[in-house]
Protein chains: 2
Amino acid sequence: MLEKLFEPTSVAVIGASRTKGKVGRAVLDNLIESYKGEIIPINPKADEILGLRCYPTILDAPNAAELAVVVLPAAMVPDALEKCGLADVSNVVVISAGFKESGIEGAKLERRCADIVRKYGMRMVGPNCLGIIDTGSGLNASFAASMAKKGNIAMMSQSGAICTATLDWADARGVGFSKFISLGNKADLSENDFLLEMADDDSTSVIAAYLEGVKDGPKFMEIAREVSHKKPIVVVKSGRTAVGSRAVSSHTGTLAGSDEAYNAAFAQSGVMRADSVEQMLDYIRAFSSQPVPDGKNIAIVTNAGGLGILTADACHYAGLSLSSFDESTIDRLREMLSPAANFYNPVDVLGDAHSDIYGYALETILDDPNVDGIIVLTSPQAMTDVKSIAEVVAEKAVASRKPILCSFVGGTRIEEGEDILDQNHIPNFAFPERAVSSMAALCNYGVIRKRVHLEPENINADKESVSSILKKARSEKRHTLGLESFDILKAYGIPTVGTSNVKTLQEAIDASEEMGYPVVMKVLSSDISHKTDVGGVRIGLKDRDDVERAYHTMMSDVRRYIPNAVISGVQIQKMVTGGKEVIIGMNRDVQFGPLLMFGLGGTYVEVLKDVSFSVAPIGKDISRKMLSSIKTYPILTGVRGESPSDINSIVDTLCKVSQLVMDFSEILEFEINPLMVLPEGQGCVAMDIRLTLGSE
Amino acid sequence: MLEKLFEPTSVAVIGASRTKGKVGRAVLDNLIESYKGEIIPINPKADEILGLRCYPTILDAPNAAELAVVVLPAAMVPDALEKCGLADVSNVVVISAGFKESGIEGAKLERRCADIVRKYGMRMVGPNCLGIIDTGSGLNASFAASMAKKGNIAMMSQSGAICTATLDWADARGVGFSKFISLGNKADLSENDFLLEMADDDSTSVIAAYLEGVKDGPKFMEIAREVSHKKPIVVVKSGRTAVGSRAVSSHTGTLAGSDEAYNAAFAQSGVMRADSVEQMLDYIRAFSSQPVPDGKNIAIVTNAGGLGILTADACHYAGLSLSSFDESTIDRLREMLSPAANFYNPVDVLGDAHSDIYGYALETILDDPNVDGIIVLTSPQAMTDVKSIAEVVAEKAVASRKPILCSFVGGTRIEEGEDILDQNHIPNFAFPERAVSSMAALCNYGVIRKRVHLEPENINADKESVSSILKKARSEKRHTLGLESFDILKAYGIPTVGTSNVKTLQEAIDASEEMGYPVVMKVLSSDISHKTDVGGVRIGLKDRDDVERAYHTMMSDVRRYIPNAVISGVQIQKMVTGGKEVIIGMNRDVQFGPLLMFGLGGTYVEVLKDVSFSVAPIGKDISRKMLSSIKTYPILTGVRGESPSDINSIVDTLCKVSQLVMDFSEILEFEINPLMVLPEGQGCVAMDIRLTLGSE
């Protein structure tokens, strides 16, 4: 779709300059260096720049440009874009700054640019970006200091400076890219467009991104979910914290979504989140060269016991398992290795091991069906021939369909070995822990790639009655609901506890008789916030007499504590015992929409904040994962011989809530607290509901 | 104390060799290269090696050697050590392998060596080590590939291969050391001796260690607590996990202590634990050159917004705060920086900032009293003169008493700047997150250095009655106690609930009357594990009638459930209500001795494992920290308007338990579960106790 952006036959540079140090010169230099198509400098003050014929405007050029790179002052950009449209340019890269990132006026200017681009059916990268690079076509339409090396990594970044730093870093380490895109303010083209583009780009096998926010959350999730089945996507998302988010706002004007929403969205759509740019670079080096393993059983080969232990520790923390070798593997190792060696995992070939022993050990372990991937460690000891060990590792790695990552630890003495590993596309990490976390990323992607996405089931709901309840509330300018919210749950098939708000003792008795004993009685008064503290709650009322007595004592107690409280009546609720309290909630996130929350009630949620999030809509797969991912999940499955709770009924309820909040976007906030979950097979029942409506 | 080890006037090499590739040659080469004293090769088969007069045994040499380095086969080492003793050698470094790490026979040989060394009053490094280096005296008594550069970092390592890798790494990066010690099997000298040595070594300002275990836990804590007030101690302790620990055992035969014990011991004694060798190296680079800050308010200066956000995020996660600048600071920044810059923290000087702007911003921020330390970020953008920025940073850093850490991110284009930072001893980190974690280490050490250690208060306990209880139990060959354990608590002033084990209904009534109602009744039977499930527990018995009724129904219920259960009677316990259940426990750790545990009872400990550990003995300071460091601590201080629990009484009880288990080492395991904590001012009371005695 964007071939003409990355492989144009001709490129115009609007604002081309011959003055060294100017961006308009840097872009021209970069194009001249490696681009094979026609280059058309545009500058009204020159006839020729660097030997190229120059035109006053793009409309004056005899040949049409497929791509125009704009490096003018911000105010002049809209006019230039109009001319591009008239000249039939397909795509523009607007490098100029001074748009949304600079304030309200800049934002207006940016919207004008986007409108012009749309009017002419063009697509735009930027504004406020470094430009784009395609190593396949030789296009360097950027003011980066140098051209990227060829490789199979496509990288995009919302920060131009991180583009620069990464390119410089990669250049020094021989890491290559297929495409490199500085996203800038994303007024038109965004990560979503480029994800789609890279998914089908044969020269790309791994996608990396530095993002400060996504442009369209739901779309991003939909696209990423598809693309992540084809290629690994590794993202650094900054602005994780409140502090960080403030820095984002003052930086590019992106409104950062809450970090929980990003974590949920990334997890649901198969995006791997890296904790730092360093980790992202580690991961993509692994993905760009190594196969994805079938499982997470890892073998370690080392010439240094200490490094082996550190690596084993790190594997444990990263959720990887150490392979248990077949007996035959151990026998084979015993045949050739020194008797003092360790034949179990981690395999310690000992400090004086030569490359042939490394080779033998590697070959033997690669044959073991219990091994999904190998980490090779080397410390440059007295007898260690690092170079020939690297050669042997390379030889075995090429012949293997299992991933091999290395950590040759040291400085000068490992350089030669490192070069050989580089040349053979085997990533070497300065320290073992980074090899382990990269191996874990490979393993995680193995799971993501195979994952089947379950579409949410359609729930048979009485949407019309919900519609009319909400309509009525809004017509009465109410933003919260009363007992009607129970009817909303009923309409979606969520069991609710029998609840009745009554005004008199007689009504209380009638309600109790109707729903059956035992019941709970609560005072109804907007003047009372902590009902229990003023004697406003009575539980376990077993018969008519109990209700009568409770009513009278409650009224006198409450009046004694808060003499002026206006009491509108009492609530009678069927008493539910033997269950566990959980919470199901929903908040609307700015970027991703309805964010569902699940957790156990009481202190678990208040003190421990032990909750999980997902972006709606969700099916049973994600719903079940929400349950199992809280730390207190064992309380639901049953600890200390307790019977398990009805987990399936929670899963169902979460899916129903998911559909409810998808169906009615006017529901801003929603919480069932508590949802009382009964023992397995006995379902669950909503005890209290809080629902907030938006103002149209 | 160990001057003669690190600065000997003469060194003998026992097992010196002229054959290239042999360890005996490598050691000799290393000594010749930089050591200024007399070198005496010992080898019965040569008269001269590399121009040095050689002797058959050390006894034949005319001059005494202060230090002997032994590189013989293991079996020949004891004899060589005897001769060293006779020749009045002060210290030996035994490089030879084939001792404890190789099995039972090796362990015996190692003990023999230690005995010989002790007999002659010598001290020994190793066996099974790489040797030692002292850059001050020029001593390189090791077979490392090269001499370390001079510096102020003292490093010791229990893995020779990690020594090698670290030396090679440091060499390439210009990082220097004062001393470098390969600890080997630690048959004599261990981390404890070297900690003491380094504490008083003027050439050392930071101490680093890679450890797989400590030799004497309590001694280590005592020494480290002292030394950490003088100099920062950074340790990588491997074998953290069960998997890792297995690897340790097969490696050096060290019995790894539990990781919780190490974490507690390190925290109590001011040792900073690094998660990886890379992190240790990061930390010591920061400590070796930068001052320790007074607080943890950090300013960020950047030419790249994206890097600033990532750094702000990382600060938040590392527990650092971003400084809020004084108004005058912001005004001064506004005077000189571009209007589009960000004057708040992180300060974004923008991508086109020259070094003078960096300098101005740094100077201004260093003046702000709200700033304790600065992280300087640089991305090599089009206009960025990395070199002169580095020069400006160096200039400001030298004049400052606040720490400055850098992260210039890139490759080739930042090299020149990195070199300037290196020369000026300003650590540069490849990525911002690592600068942040190193800054956090500096800040943490600021707290450690000022920390005052409280000696445990002496508790007035009736030790004699405990003694006799334990004596009686052991004479009866019992390893667990009955109700006597309540008397043990009483002897240490820990309140216990009134509890009585009785055989008949009449006794039950008498006991209840004596302790006062309400009471709880529990069936006593070794055949019943879940008393509640079989009707074996009755709570809230308010009077004599209740007790009578409860007794009869309990007996018939229990007999119905478990017809053959042998019932020895019932337990009557005073009922305690309105409290919260906590657990205080103790296990003896192999390395550190009594490890105290604290947590909230029930699911909090069972499912969430939300507990804290400390090594006894502890005073009130550590006791209080144990409470506040669990995640559920707010439940004790009172959530949702609940009244706070009596925290002081828990603190007291922990200290008393600490003294009890210190006084009686025959108590192997101990647990008060639950300790019922009442509201503030009302104390706490032990409800049940489990105590296991060792077999003498």
Side-chain angles (χ1 to χ4, degrees), chain A residues 23 26 102 143 145 159 161-162 164-165 168-169 171-173 210 212 238-241 243-244 247-248 250-251 276-278 304-310 312-313 316 322 340 342 346 351 379-382 409-414 430-431 433 530 603 606-608 631-632 634-635 639-641, chain B residues 23 26 102 143 145 159 161-162 164-165 168-169 171-173 210 212 238-241 243-244 247-248 250-251 276-278 303-310 312-313 316 322 340 342 346 351 379-382 409-414 430-431 433 530 603 606-608 631-632 634-635 639 641:
Chain A
V23 176
S102 67
F143 65 103
S159 154
I162 286 180
T164 318
D168 192 35
W169 174 92
D171 192 48
R173 277 151 197 86
Y210 166 81
E212 294 173 356
S238 72
R240 302 186 77 140
T241 56
V243 175
V248 171
S250 73
H251 177 50
S276 64
V277 174
E278 183 166 50
L307 293 179
I309 303 166
L310 289 170
D313 282 356
H316 174 82
L322 288 199
N342 188 28
S379 157
Q381 296 171 71
V409 186
T412 324
R413 289 194 55 216
I414 61 157
F431 290 93
E433 292 82 0
H530 293 289
T603 42
E606 286 178 29
V607 176
L608 295 169
K631 290 198 195 78
T632 41
I635 293 176
V639 279
R640 277 215 293 194
Chain B
V23 175
S102 67
F143 64 104
S159 153
I162 286 180
T164 318
D168 191 37
W169 174 91
D171 190 51
R173 278 152 197 86
Y210 166 81
E212 293 172 358
S238 72
R240 303 187 77 141
T241 56
V243 174
V248 171
S250 73
H251 177 48
S276 63
V277 175
E278 182 165 51
N303 73 344
L307 292 179
I309 304 166
L310 288 170
D313 282 354
H316 174 82
L322 288 200
N342 189 30
S379 156
Q381 297 170 71
V409 186
T412 323
R413 289 192 58 214
I414 61 158
F431 292 92
E433 291 84 359
H530 293 288
T603 42
E606 287 180 27
V607 177
L608 295 169
K631 290 199 195 79
T632 41
I635 292 174
V639 280

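None of the values given here were measured: they were computed from a predicted structure. Values below: every heavy atom of this structure, side chains too, minus hydrogens, waters and symmetry copies. Order of the sequence lines sets the chain letters (A, B, ...), proteins ahead of strands, with each chain counted from 1.
- Proximity to chain B involves both the backbone and the side chain of A:Gln381, based on heavy atoms less than 4.5 angstrom apart.
- For chain B, the nearby parts of A:Thr412 are the backbone and the side chain; heavy atoms of each come within less than 4.5 Å.
- Closest heavy-atom contact between B:Val409 and A:Ala165: O-CB, 3.3 Å.
- Most heavy-atom pairs under 4.5 Å with chain A: of the set B:Ala26, B:Ala145, B:Gly351, B:Ala161, this distinction falls to B:Ala161.
- In this view, A:Thr632 and A:Asp610 satisfy the side chain to side chain donor-acceptor pair (under 3.5 Å) rule, not counting sequence neighbours.
- For A:Leu608, the part lying under 4.5 angstrom from a heavy atom of chain B is the side chain only.
- Atom-to-atom distance recorded for A:Glu212:CD and B:Leu310:CG is 8.0 Å, nearest 0.5 angstrom.
- Taking chain B as the reference chain and counting heavy-atom pairs below 4.5 Å, the highest number among A:Ser276, A:Ser379, A:Gly410 is found for A:Gly410.
- Interface residue B:Glu278: backbone and side-chain heavy atoms are both found under 4.5 Å from chain A.
- Expressed to the nearest 0.5 Å, how far CG of B:Leu307 lies from OG of A:Ser238 amounts to 9.5 Å.
- Minimum heavy-atom separation, B:Ala172 to A:Gly411: CB-CA, 3.7 Å.
- When every heavy atom of A:Pro380 is checked against every heavy atom of B:Thr164, the shortest pair comes out as O-CG2, 2.6 Å.
- Closest approach of A:Val607 to B:Lys631, counting heavy atoms only: CG1-O, 3.6 Å.
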